[in-house]
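Chain A is the first sequence line, chain B the second, and so forth, proteins listed ahead of strands; every chain is numbered from 1. This structure is a prediction, so every number in the text was calculated from the model and none was measured.
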Amino acid sequence: MSEQHYPLVPAQPSYPEVEERVLARWRKDGTFRRSVEARPEGPEEYVFYDGPPFANGMPHFGHLLTGYVKDIVPRYQTMRGHRVERRFGWDCHGLPAEMETEKELGVSGRAAIIEYGIDRFNDYCRKSVYNYTEQWQEIVHRSARWVDFKNDYKTMDLSYMESILWGFKTLHEKGLLYESFRVMPYSWAAQTPLSNFETRLDDSYRERTDPAITVRFELVPESGEPPTRVLAWTTTPWTLPSNLALAVGPEIDYAILEGNGERLILGAALVPKYESELEGYEPVGMRKGRDLVGRRYEPLFPYFSDVEKAFRIVGAEFVDVEEGTGVVHMAPGFGEDDMDVCRAEGIPEVVPVDDAGNFTAEVVDYAGQHVFDANKPIIQDLKARGAVLRHESYVHNYPHCWRTDEPLIYRAMNSWYVKVTDIRERMVELNQQINWIPGHVKDGIFGNWLAGARDWSISRNRFWGAPIPVWKSDDPKFPRMDVYGSLDELERDFGVRPDDLHRPAIDELVRPNPDDPSGKAMMRRIPDVLDCWFESGSMFYAQNHYPFEKREWFEEHFPADFIVEYVAQTRGWFYNMMVLSTALFDRPPFLNCICHGVAMAEDGKKLSKRLRNYPEPTEVFKTHGSDALRWYLVASPLLKGGDLKIEIDGKPIGDVVRNVLNPLWSAWYFFSLYANADGVVASETREASGVLDRYVLAKTRELVDRATEAMDAYDIAGACQAFLAFLDALNNWYIRRSRPRFWKSEQDADKQAAYDTLYTALTTACRVAAPLLPLTTDEIHQGLCGGESVHLRDWPDAEALPQDAELVADMDRVREICSAAFAMRRGEKVRVRQPLASLTIAGAEMNRLVPYVDLIEDEVNVKEVRLSPEITDFADFRLQVNARALGPRLGKDTKEVIAASKQGQWKRDGDGVEVAGHRLEEGEYELKLVPKGDLACHALPSGDTVLVLDFELTEKLVREGLARDVIRAVQQCRRDAELNVSDPIVLSLKLPDELRAAVSDFRESVAEATLAERIDLDEGLLGEDVFRQTTRVGSHDVEVALQKAKAA
RNA sequence: AGGCGGAUGGCUCAGGAGCAGAGCGCCGGUCUGAUAUGCCGGAGGUCGGGGGUGCAAUUCCCUCUCCGCCCA
């Protein structure tokens, strides 16, 4: 046995085992750190920002997908020579943590938390952040994602939070913050306002049945007028006690109806909808809305009857007659439009609802009742007073809180806002500097969202978050507001340097108001904390404690070269970073951004832990491995922004093993098997002489070119596609056709060339696929290159490999010819082992096929390949018009030309052709070959080549075919006997006469093919170590006996 | 409600104004001294409904219906 220079590998490995092995090696060797540190710091660095996930559960396929992309691109850029630091980030603050803590501690609501103690509450939140970090690290590690956990950032770190203070103060100084009392979506269950985009992030709109009532409002009578009532419609009866006005559309027609001793006013277009209620009422007039404006009415409830300027009909453009009565009841404390209209009219708002959604004492009759519970008694009261014309149920989509699932209300609140509208235009401009993948996101989903951006509410009336660094005087006689942007500033004014910026410690910083000479007024922090989105959107500066540390580092690492998250983050993280980056630095926060689609469960629904509608990622790791999952996800439509249904049994992931991992491994197995058998050491080569070697090197070059182009365009699926095409050429053509060169016993230059070429193709392929299959390729690469990790290598240099487009085109044509020949054999039901006399190839440029004649003869198993330029002997031309080129020129006649060409009604006309009275020039048509009907003929799909296969069999050909059948039987026997591929044997065959004659005729080739030193056809093989087998060849039984030949 | 995406073979999805594609599944065949988890071939689709623009629409426009997603 020769010396072995490569590991012996199994034909089919357990990929999960391979992966565990590679992971252990990485850990032991510190491969990740080494790969980063091997690249220089400085301007050549490639900057990646990791979006912080909120880890309140185990990662699912969606997280993994993002993680894979977060790994692939940095690995690629690292191989391209760039240093890529990868810090993991954790999103720690905000409602998700608070809600979880409320549930686990059994305290619910602001009051309960304050009673429980903000310090204890926040301590629990702080701990809960760590609940899943370990499992996350484990899964991220197992998925072969390289990311730095040790040096991670957390949004709750003191340094991070100090940067947040800086960001807030800087916005304030730039005049981009304001405080305002406005109507906002409010979660009474979470006891916090939500920003407008939070109400759109989750699928928060969902069906809800509410009461809808049509209410009579009694007008203050004008002289001589019978009792007159205006009808208004609402689905929120609980806002009626806060009603302060009624709105009509100035241009809308309102009908006046009379009956039952009263007059009713409602939108004329809506009268038919109230047919049954209005029976007995007669129309007595019609008024435009503007003629109703200014009329006073009686308050429905007494609670706010003294509010100035209230209880009038006002005009509002937004009123329509789509629904209701064409008259809108206005409660300016609970509706955005209502507040706008009423403020314009000088009507103040009233908000008699507390933080928990209960009526306050102002509304005496319902005080303490939750607003939704109060709907019922309010309706009953109104009915008792005869104020309700109709009471119905109304099913509509209604916004719900994304954390608590409870319905939101709209409520006027005090909140801090970022003046996004001031920088909106600039964001739209800066967005043009960003390369979005897929491209339509830029001016589609993201661009549109930016263009319609609204001011961002960033204060939360909660506990676990970065504090709003605003201190106000507690005495309105000495108004003063201080905004702090650093620990230094806090220390300067309060005399202590906080080591924790969380509540309640931060609230304890109090000092006398310097503007109050008596010293009694105190400066106190406003109790709100920041929206946690403000914090994650600040990561690009806060993760490195900007501007307090590493300022230069920041300058060099901003904006990011690359980020990736799923597409909905166009409303979340992408957007918030854009706002803050534009506001603070007037630059885009990132330059390339992949938005991937949504991984869904097999049932087409979103992945749901509760429904368990998806397999555990860890199970997939155990069965198919991480590389297969990685490939499955990133080669899918997900990266083009599409959604993907993940099958629960993971079958498509198994397909990846079969279609990607196995072919790659098979090539590696083949190499190691024969290289070890021959004791060969292969090395990389840049040139070759044989057509097969030159072909596969050119294919390798093509792989590098295509993959580079794809990866540079962030088209990961495209890189996968290129790799698959290469694997096919390598396995099913190069290796398949080159096998005899590896088998032969001479250790000559041709054999070495074959090894070197295969070695080059394999090592290059591993490097190209390293980001896509980091574990499997590393195992193979280490085997090929003496233990060197593929991830420490550079991306292959395409220029080092020969480019030969002509050779590739010719060889691909040859492959097509062979494929077509096999199809013809199948048509005639003639097995490939049966040699045929000849294959005639007719078509253009036949001379280019000359170097491949032997190869075709061998592959197709024919004695002779004839190349013929006489195409018309075998085939006719069919005219195929190029409608795309012709259409613009011929217009209406195009159809006729197409029809005529299909019927063969055309003739050649010099350089062109004539069809239906038109002359077609070159480029406007193509001539395709169609075999003549009576020949065993086959045309290539390209239409430029036809094949004729001679199926006439001579006695000799038949015998040769039979001999090959016997060879096949012997080879099977060798394999069943578990012989080594290079073991010589002694062979004995017991054959029927026909086969015996065939083997006699072709004794030499049988012996050569089966490595038989001796073939015995008469006496049979006797002895201990004889392997015997009876198999069927055609319709005959054949007895094969063989024995490993004794070493000479 | 809104924003966005989607509807193409049994399934998962590409494509894109000019003879409808891939993978899987199915059916049939078959090479093999690396790989039958391979290779070759085949069947299978009036490209969701309706309207419009065009010489030409599955593709562009309008509309309807249905589905999906919305802190990865």
Rounded distance (Å) that lies between atom C1' of A72(B) and atom CG of Asp91(A): 12 Å
Same-atom distance (P) from G44(B) to U37(B), integer angstrom: 28 Å
Residue Phe822(A), side-chain heavy atoms: nucleotide from C40(B), A72(B), C4(B) that is nearest: C40(B)
P gap between A72(B) and C62(B), integer Å: 33 Å
Nearest-nucleotide pick for Asn448(A), side chain only, options being U35(B), C4(B), A72(B): C4(B)
Donor + acceptor pair across side chains of Tyr755(A), Asp678(A) (<3.5 Å): yes
Sugar-phosphate only, base, or nothing, as touched by Arg964(A) at under 4.0 Å among non-hydrogen atoms: sugar-phosphate
Same-atom distance (P) from G16(B) to G6(B), integer angstrom: 12 Å
Trp733(A)/Cys818(A) under side chain to side chain contact (heavy atoms under 4.5 Å, CB included): CA gap, chis, key distance, verdict: CA-CA 11 Å; Trp733(A) 195 252; Cys818(A) 293; 3.8 Å; yes
Integer angstrom distance from the P of G68(B) to that of A56(B): 38 Å
Closest-nucleotide 5' rank along RNA chain B - winner of His93(A) and Arg975(A): Arg975(A)
Integer-rounded Å distance: U32(B) C1' and Leu673(A) CG: 14 Å
Length of the line joining Lys442(A):NZ and C4(B):P, which is rounded to integer Å: 18 Å
Whole-Å gap separating C1' (G3(B)) and OH (Tyr566(A)): 14 Å
Trp90(A) and Trp136(A) aromatic ring geometry - parallel, tilted or perpendicular at 30°/60° bounds: perpendicular
Among C40(B), A72(B), G33(B), the nucleotide that comes nearest once only the side chain of Leu1011(A) is considered: G33(B)
U37(B) phosphate, OP1 or OP2, under 4.0 Å from Asn662(A) side-chain N/O: no
Side chain to side chain, Ile985(A) and Arg974(A), heavy atoms closer than 4.5 Å: yes
Side chains of Ser536(A) and Asp91(A), donor plus acceptor under 3.5 Å: no
Nearest-angstrom distance, C1' atom, G25(B) to G42(B): 14 Å
Arg460(A) side-chain N/O to Thr192(A) backbone N/O, donor-acceptor pair under 3.5 Å: no
Aromatic ring pairing Phe534(A)/Trp456(A), orientation class (parallel under 30°, perpendicular over 60°, tilted between): tilted
Given G41(B), G3(B), A72(B), the nucleotide with the shortest approach to the side chain of Gln569(A): A72(B)
Value in whole Å for how far the P atom of U32(B) lies from CG of Asp858(A): 11 Å
Between G28(B) and U32(B) - P atom distance, rounded Å: 22 Å
C1' spacing across the pair C66(B) / G48(B), given as an integer number of angstrom: 8 Å
Interatomic distance where CZ belongs to Phe1027(A) and P belongs to G33(B) [whole Å]: 15 Å
Protein-nucleotide distance (Arg737(A), atom CZ; C39(B), atom C1'), rounded to Å: 13 Å
Pairing of Glu565(A) and Lys70(A) as salt bridge, 4.0 angstrom limit: yes
Letter per nucleotide, 5' to 3', of nucleotides 24-30 of chain B [B base touched, S only sugar-phosphate touched, - untouched; heavy atoms, 4.0 Å]: SS--BS-
Any Gln971(A) side-chain N or O less than 4.0 Å from OP1/OP2 of G33(B): yes
Ring geometry between Tyr6(A) and Phe671(A) (parallel below 30°, tilted from 30 to 60°, perpendicular above 60°): perpendicular
Among U32(B), A72(B), G41(B), the one nearest Ser819(A) by side-chain distance: G41(B)
Spacing of Gln971(A) atom CD and Arg964(A) atom CZ [to the nearest 0.5 Å]: 10.5 Å
Canonical and wobble pairing (Watson-Crick, G-U, under 3.5 Å) of RNA chain B, dot-bracket with |: .((((((..((((....[..)))).(((((.......))))).....(((((..]....)))))))))))..
pair Leu758(A)-Leu730(A): side-chain heavy atoms closer than 4.5 Å: yes
Sugar-phosphate, base or nothing in reach of Trp743(A), heavy atoms under 4.0 Å: base
N/O (side chain, Asn732(A)) to phosphate O (OP1/OP2, U35(B)) under 4.0 Å: no
Trp668(A) and Phe670(A) aromatic centres sub-6.0 Å: no
Sugar-phosphate only, base, or nothing, as touched by Gln12(A) at under 4.0 Å among non-hydrogen atoms: base
In G54(B), glycosidic geometry as syn within 90° of 0 or anti otherwise: syn
N/O donor-acceptor pair, side chain Arg739(A) with base U32(B), under 3.5 angstrom: no
Whole-Å gap separating P (U32(B)) and CD (Glu859(A)): 10 Å
Ring centroid separation Trp573(A) to Tyr49(A) under 6.0 Å: no
Under 4.0 Å protein heavy-atom contact, by nucleotide of nucleotides 53-62 of chain B - B base, S sugar-phosphate only: --BS------
Whole-Å P distance, C19(B) and C39(B): 30 Å
Sugar-phosphate, base or nothing in reach of Ile735(A), heavy atoms under 4.0 Å: base
Leu661(A) and Trp631(A): CA distance, side-chain angles, deciding distance, side chain to side chain contact (heavy atoms under 4.5 Å, CB included) verdict: CA-CA 10 Å; Leu661(A) 296 182; Trp631(A) 182 285; over 6 Å; no
